[in-house]
Amino acid sequence: MRYVDEYRDPALARSLSAEIRSLVTPGEVVRVMEVCGGHTHAIYRHGLEELLPDELELVHGPGCPVCVIPMGRVDDAIAIAETEGVTLATFGDMLRVPGGRGSLLEAKARGADVRMVYSPLDALALAAQEPDRHVCFFAIGFETTAPATAVTLLRAGQDETPNFSVFCNHVLIEPPLRAILETPGLRVDAFVGPGHVSSVIGTDAYRFIPEEYGRPVVVSAFEPVDLLQSIAMLLRQRVEGRCEVENQYTRVVRRDGNERAVAAIAETMEPREDFEWRGLGVLPASALQVREPFAAFDAERLFALPGARIEDPKACRCGEVLTGQIKPWECGVFGTACTPERPLGTCMVSSEGACAAYFSYGRLRRPREEAPVGA
Ligand code: SF4
């Protein structure tokens, strides 16, 4: 297949839906976690849940990079942004994430120089254009976006850019998956593996899931037919008594990933001792920090940061949403005190957040059959 329409072909989707129905046992629910927030949005945007049998329950995972950033790190970014002579640059989604002192957008309204960029290289270009200011890039994301930050650090080193730094918040996919897999009473039977992260780290990176935890994984692309095919592949494994990592996203993802991207990350960044995740607490070796040879570009060494640990608002249940323990509509403030316009938690902010997906595509209450007409 070459064109996106082919990956959205209704006849193909219907035949995969029929295959999925033939692979489940009536009355036996299989819970499949889609790790990536991009998958969550594709599922609801295209109404895929309506094509699945009642025996197939989708559980949303922690793979939204904006959602997992804790409030304390947002406050650290605000402290950098409010430093005299500093411009803080970051992705659009991060601007609205609430911290203990409000969001970066609110800091901007108070006078801080906060700017939206599309890539870390844009932030580096900003530093070259405005030599009288220090430009700090607030870096977030899993292994997907870390290579771009790595390349930017390498470029900043080559160019000896004196007024540029990175506030590194890159996180790694394996530790949160292990944390979820080790949750007592876990009710996840199989995983749809993230597509973008896997294009960097490869499918072999998930072998620990079937080998140590006995759950199958299928790495998936993002179109409707891709996702339905991935679910069918997972169910086929169960029916055939297999438990392994398979790759549905063969047009992009390789078994061993992208060696050059991984090498660039390893050259510029290293695992930090521990990192606080929203919803998962502090996980050891779960995030990256800037390596010593690039210390001149490390915002954590250049700025005095509050570094405070801030509890989420009491009403916020993002942690349970991120670990698949509840559906967004089970949070008491979903769609009332927490909406995309005025988010209380991170899962309502990002284009990859599960709450934002449920709200945007009308999944406002539980049973599919009770969803409002036109939802
Ligand atoms: Fe968090 Fe808002 Fe979702 Fe509740 S509705 S879990 S507060 S994002």
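Computed from a predicted model, the values in this text were never measured in an experiment. All ligand and atom numbering here is 1-based and tracks the order in the structure.
The cationic group of Arg251 lies under 6.0 Å from the six-membered ring centre of Tyr7 and within 45° of the ring axis, placing it in a cation-pi geometry. Figure legend: Arg215 and Phe191 shown without cation-pi pairing, the cationic atom not lying both under 6.0 angstrom from the six-membered ring centre and within 45 degrees of its axis.
Around atom 3 (Fe) of ligand 1, protein atoms of type N, O or S found under 2.8 Å number 1.
Looking at Tyr206 and Leu177, their side chains come closer than 4.5 Å, going by heavy atoms from C-beta outward.
Between Phe164 and His134, the ring center distance fails the sub-6.0 Å criterion. Aromatic rings of His60 and Tyr44 (six-membered ring for Trp) have centroids within the 6.0 Å cut-off, being under it.
Cluster annotation: Val59 is not connected to Phe334 through the hydrophobic network of ILVMFWY side chains, with a link wherever side-chain heavy atoms come within less than 4.5 Å.
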